[in-house]
Structures are given as C-alpha cells and as structure tokens.
Amino acid sequence: MPPAADSKSPSSRLASPADAATPGRANAAPAASPPPAGPTPPADAAAPSSESPTPGGPAAPAFRADQRPPDTAARPTGPNPADLGDVPLTTNGNSPRSDNERSGRPHRSPTEPPGSHLRPTAPPGRPTPPQPGDAGDQQPGPNDNPPRSRRWRRGHRTDIPTATEAGATALPREPGRGHHRAAATAHRPAGATIRSPRADPPLGRRPVAPVGPPGHPELDGTDDPPEQPTRRRAALVALAAAATASAAALVAGLLSWSPEPADPVETVRPLTAVEAERLAALRVTNQRDVRAGVRVTLGAGGGRTELVGWVDWARPLVYLDVGGPGAGAERGLVQGTASTLLVRPDPAATPTPAPPPLVPPDDRWRLREAPAGSGLTAVRDLLLGLGTVRVDPPTPEARWLRREIVDDVPVDVLQAPLPVLQGAGSAPDRRPRLWVDRDARLHRLTGSLPDGTPVTVELARSDRPTLRPVDALGGRPGLPRALSDGEADRLARLPDRLRAAGGATLTVTAPSADVRGSGWLSWAGSAAYLSVVEADDPGRRTLVRARPGSVARLVVPAGGAAAPPLPAPGGLVRAAGRPPGDDVERLVDAALRGAASAVPAAAAVRVRDDRVADRAVDVIEVRGRLRWWIDRSGLPRRLELRTGRGVWVRLDLTPGRVPALPGAERPVRKPAKRR
C-alpha cells in the first residue's frame with residue numbers, strides 16, 4: 001500500500017475539480033478519474049465527518065469556504081451564482097467574471113489546455129463520489145486564490161461542464177435563453193444555494209433561477225418570469241411600428257388623393273325658401289350691423305384700382321384709401337356720403353393701399369364731381385347701396401350655385417340681381433354673385449359696374465371701428481340734444497356779445513368751391529372785407545366787400561400777402577352790390593346777420609362738444625343748416641354753413657380789433673346832454 005499523502009503539504013495535496021478548472025493556480029492537479037463502480041449510498045445517508053476521515057476510505061465531500069452541509073446551514077439569501085455565470089468563489093466571497101462570459105461565450109483562459117474548463121459530474125439524482133485528493137477539511141491556503149487580470153470580472157465561473165467531455169453531463173437548456181444553467185454537482189448539495197454579495201443582476205440582464213436537481217421547477221424554467229425585451233429591442237420595435245404606420249398613412253393618402261378641379265363644381269338650382277329669406281334680408285342685416293371693413297378691386301390686371309377702408313351704412317359714410325397700378329390721379333383718401341364725394345389727392349402715396357387713419361387730416365379736401373355709374377362715384381354708390389332699412393322683395397330669378405368657406409365661415413354662393421347694380425345688365429351671366437352666410441351676412445360680392453368695369457368687394461365683418469367724417473362732412477358724430485339753460489342763454493345773448501366784440505379776423509374754407517380766403521369782419525360796422533383764391537386759378541384772386549344782403553366783387557392779380565390790400569381799391573369801392581351768390585358769400589352774409597337778431601332756443605340743438613384754437617366749445621346747430629361754435633365766454637370761434645350738396649363751408653373767427661373796412665357804417669355818436 002502506498003504511503004498516505006500529507007494533506008498539509010501543497011505538493012502532495014490533490015486539487016478539487018474547481019481547482020482544476022481555475023486558471024492561474026500553481027498547484028493545480030490533473031483532472032480526477034471517473035468515480036469507482038459500486039452501489040450508490042442512499043441520499044439521506046449521514047455524511048461522513050470531515051474532521052475524522054476513515055483510514056483508507058474515500059474522503060468526505062468537499063465544500064468551499066462559504067458553503068455548509070444542507071443539514072446544518074440555512075439557505076443564504078442574495079442572487080444565485082448561476083445568475084452570474086457559475087464561477088468559483090474566492091475566500092472573500094467574491095467571484096471573478098470574464099468579458100467572454102458576459103458576451104455569452106464559454107470562458108477559457110488563454111493559458112489552460114483545451115477541455116480544462118470541463119469537469120465530470122455524476123448522473124442526475126446521484127451525488128458525485130469524492131475525488132482522490134479532495135481536502136475538504138483544509139482551510140484555503142494563500143495560493144488558492146487565482147490572480148486577477150483585466151479580463152476577469154466578479155461573479156463569473158469557469159468550471160461549467162459540457163457534453164463534449166467524458167463523464168460530463170450537458171446542462172439543460174433554459175426555455176427562452178441563449179445559454180445553459182449549471183447542474184448540481186457533488187460539491188454543491190441539492191437545495192443549497194450560493195449567492196454572490198452582489199444584490200442585483202447587471203443592468204439589462206434577466207436574473208436566472210437557482211440551480212436545483214433535475215425536475216426541479218427552478219431548473220426546467222417553469223417558474224421563470226416572462227421574458228422582457230431589452231432596451232435596444234424595444235427601441236427597434238417602436239421604430240419599426242412607427243415606420244409601418246407612416247408607410248400605411250402615406251399609401252392611404254396616395255390612394256385617396258385626387259387633384260382638385262380648376263373651378264368649383266356648380267349645381268345651379270332655384271333658391272329654397274330659407275335661402276330666399278336670407279337674400280331678401282341681406283341689406284337689412286348690413287344696416288343693422290352698422291359698419292364693416294371693405295376691400296374693393298376695380299378692374300383687372302395692370303389697370304386695376306384697389307380701395308381699402310370702411311363703410312358705415314347707418315350714417316351713411318365711406319372712408320377709403322385709393323391705390324393700385326391704375327389709380328393715377330385718384331390716389332389718396334376718399335370720404336363720401338350719399339350725395340357728396342370728397343377726395344384728398346396724394347400723388348406721393350404708396351401704390352399699395354392701406355387702411356386710412358381713423359382721424360382724417362383736416363386740410364386739402366376737395367369736392368369731387370364725377371359722373372354717376374363709373375369710377376369712385378360708382379364704388380361709393382355700390383357700397384352704400386348694400387344697406388337699407390327695408391327687406392327687399394323676392395327675386396325669382398335668383399339661383400343657388402355652390403357652398404364655400406370664407407374666413408372659416410360656411411357660405412352659400414348665390415347669383416341674383418342687386419338694385420344698386422341694375423344698370424349692369426340683366427343677362428344671367430352678368431348678374432352679381434353673393435357669398436352669404438346662414439345669418440344673412442354678406443362676405444363677398446363680384447359683378448360689374450354700370451359702365452361694365454368688373455368689381456370685387458370683400459367685407460370684413462369683424463372690422464368695425466367708429467368712423468370720423470372730416471369737418472367738411474360734419475365732423476365727429478355726436479348725440480344731438482336740446483339746449484340746456486346755460487347754452488340757451490349764451491345763444492340768446494350772442495348778438496349783444498358780437499356787437500360788443502366789435503369784429504374778428506376770419507379765415508374761410510370752402511371745399512365745395514375749393515377756395516381759401518382771409519380778411520376781416522366788423523359786427524359793429526356790419527361789413528366784411530376778404531380776399532379769396534381759387535385752387536384751379538392761383539394766378540388771380542377775388543376781393544369781396546360784403547354787407548348784409550349785398551356783395552361786391554373785384555378780380556385782381558394774385559400777389560403780395562394773403563390778406564386783402566388796405567385801403568381797398570377804388571374799383572371795389574365803386575362796385576355796385578348784388579345778392580350773395582356762392583357758398584362763401586352766403587356764409588359771410590350769415591355771419592353778419594348773427595349780430596342783428598337773436599336765435600330762439602327752440603330752433604337749435606346741441607350737436608356735441610369740441611375744441612377749436614385750444615378752447616372748449618359747444619357746437620349748436622340752428623335749423624339744420626347753420627352751426628355756431630360758441631366758447632364758454634359766449635363768443636363764436638367758428639361758423640359753418642351747410643350747402644345744398646351736403647358740404648359744410650367753414651369760417652374760423654378770432655374776435656378782436658379790426659381795421660377800417662370799406663363800406664362799413666360809421667358809428668353815430670349821440671350828443672351829450674346839457675346839464
């Protein structure tokens with residue numbers, strides 16, 4: 001019998017299977033031989049004590065430093081070492097792990113021979129017989145720990161047996177996994193679990209069930225949690241789903257797309273009862289809405305004229321800015337009423353029109369006399385004619401064409417004649433087309449003016465500012481009311497105050513005749529003397545000598561100061577008088593007659609309060625044709641006269657001393673009484 005080996009000698013001690021598979025150990029022994037034949041002891045037999053081995057018998061099963069026999073050690077907690085690759089544990093409880101194992105390849109050190117990573121195992125259900133040289137009763141030596149390299153990581157095993165080695169049992173395939181689990185071996189009793197101090201598996205890896213005997217639910221995968229996709233797989237699935245949905249939507253859009261027709265399809269039919277009622281109430285609806293923004297295109301192509309502004313059907317009033325390539329000399333501002341059209345030419349204005357200023361300029365307004373049915377006059381008549389106080393009669397020839405959307409509002413396109421465009425022709429193809437919504441509001445109109453010029457009108461129903469007419473059209477609108485006691489007293493005492501003031505310097509503005517004038521007025525002498533210049537003939541001026549009911553005129557060359565010359569020329573002094581003829585002469589005559597008699601309060605109304613020459617005034621209208629602008633002291637600051645064409649002629653007054661005027665009466669001095 002050979003002598004027994006010294007278990008404490010490193011040279012005579014045999015390495016365990018784990019030591020044989022561990023690279024880097026200097027005292028590693030060859031792989032153990034297969035277990036001897038013989039009966040297998042029962043599973044519940046008592047394990048021989050490692051402290052008193054039987055002489056000549058096999059050594060007791062060896063356990064690593066952190067293992068205990070199943071009958072004395074409690075099942076430790078923590079992750080299963082099989083989760084981390086089935087690696088041998090070091091003396092400090094840590095287990096190395098290689099990069100090859102993390103990538104799914106079996107680990108083998110470059111220095112160990114082929115097949116050294118395999119180890120023999122016993123058939124399933126039987127414990128592995130002890131191997132010769134197992135020193136389970138020895139404490140780990142200083143050389144038992146393999147040196148670590150950069151390729152080693154904690155928690156990795158290298159002694160995984162495979163079916164390619166003799167005596168090795170292939171690991172069962174885990175359902176849904178790409179690697180094998182480690183089977184139970186003799187040095188790991190059934191039911192014992194070795195866990196790494198690492199509490200959680202690495203991020204992105206699924207924990208593996210503990211190792212158990214064959215048929216155990218932890219071994220065959222019946223208790224495995226449902227497999228979860230990795231982040232990369234989830235991202236790929238999401239991208240694929242998005243691409244599929246986008247492709248499906250694109251294909252559906254291409255299949256359902258069809259080119260829009262060049263012109264909307266029209267189905268001409270008579271109006272229904274509801275549509276006929278809306279058409280009849282169209283102009284009444286405009287009158288009820290009071291105002292709207294407008295954009296008018298007159299003509300087409302390079303000769304078109306564009307107008308932008310507002311229309312007030314209640315006043316009535318239009319206020320437009322004229323532009324476009326075909327505007328020509330009409331470029332500028334326009335204000336018009338039903339009977340008057342005032343223009344303020346501005347050749348330097350931009351060709352593209354814009355909404356005019358809400359407070360219009362006060363100067364350079366001229367009365368425009370244009371033939372009806374064309375140009376600005378026709379546009380004015382068309383816009384104001386879209387409002388009325390009475391419902392229109394039924395129109396049997398009206399037709400419904402189609403439905404459209406205008407400014408997000410559904411409208412019906414109707415074709416019907418308009419009273420304001422009766423002269424445009426009665427042919428069906430020349431009748432205006434109206435875009436009317438369900439509330440009988442007009443949004444668009446296309447047609448032809450009486451002279452045949454095409455016109456398009458677009459209405460902005462939400463653009464409704466309060467318009468301010470120029471002074472020639474009455475000025476800022478007010479709320480006329482009866483005079484208060486103080487206002488009636490100032491009006492009754494006006495003649496006395498005028499005679500006491502003596503006279504005033506005057507400036508006359510008459511848009512109706514497009515003239516400007518300046519001079520003096522004497523209430524004490526009942527005379528006026530002024531010089532008037534017409535815009536159409538700036539090379540000469542007219543000298544006017546006025547008395548109540550009589551006017552004398554003399555035309556002289558223009559030159560010198562704007563005021564009339566003093567002393568007055570002899571021809572004007574000798575000229576015979578005649579009744580007032582034009583608007584300026586009638587206005588001056590009304591100013592002179594104001595000092596003759598008082599105006600009854602019942603014949604006057606207060607229109608509004610206003611300011612002139614930095615003074616607060618009350619605008620009092622007498623009998624609908626004469627307006628006195630009286631300040632708080634009772635003196636007039638302005639006098640306006642309404643002409644037959646609806647234009648107000650203005651006379652601005654500055655009370656004060658005046659020179660001796662031709663034709664003025666000399667004051668009669670009464671002789672003093674003797675005492």
Side-chain angles (χ1 to χ4, degrees), residues 483-509 517-531 543-552 563-564 566-568 572-573 577 579-580 584-606 610 612-623 625-641 649-673:
L483 300 181
S484 64
D485 295 340
E487 296 163 353
D489 181 69
R490 286 198 296 271
L491 183 61
R493 300 177 60 182
L494 180 62
D496 296 337
R497 294 182 181 276
L498 294 179
R499 288 190 294 268
T505 303
L506 60 86
T507 302
V508 62
T509 304
S518 60
W520 300 277
L521 183 145
S522 174
W523 288 295
S526 300
Y529 178 40
L530 65 155
S531 172
L543 301 180
V544 178
R545 177 181 60 93
R547 288 183 57 85
S550 175
V551 176
L566 286 175
L572 180 63
V573 174
V584 174
E585 294 174 355
R586 285 192 290 268
L587 177 62
V588 174
D589 186 74
L592 292 175
R593 292 177 181 275
S597 59
V599 177
V605 295
R606 181 184 182 273
D610 212 319
V612 58
D614 295 332
R615 290 177 179 269
V617 297
D618 295 316
V619 181
I620 299 176
E621 185 173 315
V622 179
R623 298 185 179 91
R625 60 182 303 269
L626 190 66
R627 287 182 177 179
W628 289 93
W629 294 43
I630 303 175
D631 63 10
R632 299 297 185 264
S633 65
L635 290 177
R637 297 291 172 174
R638 178 177 293 177
L639 183 63
E640 292 180 329
L641 177 67
V649 182
R650 185 178 70 193
L651 188 68
D652 291 315
L653 301 171
T654 304
R657 295 180 60 89
V658 296
L661 303 180
E665 296 179 357
R666 297 189 179 190
V668 178
R669 295 182 179 180
K670 295 181 180 181
K673 294 182 179 180

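For Trp629 (side chain) and Glu640 (main-chain N/O), no donor-acceptor pair under 3.5 Å exists by modelled atom type. Asp489 places no side-chain N or O within donor-acceptor distance of the main-chain N or O of Ala492, the cut-off being under 3.5 Å.
The CZ atom of Arg637 lies 14.0 Å from the CG atom of Asp610; values are rounded to the nearest 0.5 Å. Separating the CG atom in Leu651 from the CG atom in Leu521 is a distance of 7.0 Å, to the nearest 0.5 Å. Interatomic distance, CG of Leu498 versus OG of Ser522, reported as 11.0 Å (0.5 Å rounding). Of the inter-residue distances, the one linking Trp628 atom CH2 with Ile620 atom CD1 reads 10.5 Å to the nearest 0.5 angstrom. For the atom pair Arg490 CZ and Ser633 OG, the distance stands at 9.0 Å (nearest 0.5 Å).
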message: The test is side-chain contact (heavy atoms from CB on, under 4.5 Å); show your working for Leu587 and Val508 and say whether it passes.
response: CA-CA 9 Å; Leu587 177 62; Val508 62; 4.2 Å; yes
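Between Leu635 and Ala501, the shortest heavy-atom contact is CD2-CB, 4.1 Å. The two residues Leu592 and Pro548 have their closest heavy-atom pair at CD1-N, 4.0 Å. Residues Ala527 and Ala664 approach most closely at CB-CA, 3.7 Å, considering heavy atoms. When all heavy atoms of Ala604 and Val622 are compared, the pair lying nearest together is CB-CG2, 4.1 Å. Between Ser550 and Gly577, the shortest heavy-atom distance links the atoms OG-CA, 3.3 Å. Taking both residues in full, the closest heavy atoms of Thr509 and Val649 are given as O-CG1, 3.5 Å, listed atom of the first, atom of the second, then distance.
Scanning for side chain to side chain contact (heavy atoms under 4.5 Å, CB included) contacts around Pro580 gives Val551, Glu585, Arg586, Asp589, with sequence neighbours left out. Take Arg650 and apply the salt bridge (charged side-chain N to carboxylate O under 4.0 Å, His left out) test, not counting sequence neighbours, and it matches Asp362, Asp471, Asp652. For Arg499, the side chain to side chain contact (heavy atoms under 4.5 Å, CB included) criterion is met by Pro495, Asp496, Ala595, not counting sequence neighbours.
Between Glu621 and Arg606 there is no salt bridge, since no side-chain nitrogen of the basic residue lies less than 4.0 Å from a carboxylate oxygen of the acidic one.
Ile630 places none of its side-chain heavy atoms less than 4.5 Å from the side chain of Asp618. At least one side-chain heavy atom of Tyr529 sits under 4.5 Å from a side-chain heavy atom of Leu566. In this structure, Leu653 and Thr505 have side chains that are not in contact, with every pair of non-hydrogen atoms separated by 4.5 Å or more. With contacts defined as side-chain heavy-atom distances shorter than 4.5 Å, the pair Val544/Val588 does not qualify. Side-chain contact between Arg547 and Glu665: present, with at least one pair of heavy atoms (C-beta onward) separated by less than 4.5 Å. Under the 4.5 Å side-chain criterion, counting only non-hydrogen atoms from C-beta, Leu506 is not in contact with Ser518. Contact annotation: the side chain of Pro659 approaches that of Trp520 to within less than 4.5 Å [non-hydrogen atoms, C-beta and beyond].
No more than 12 heavy atoms of other residues, nucleotides or ligands shown are found within 6.0 angstrom of CZ on Arg623.
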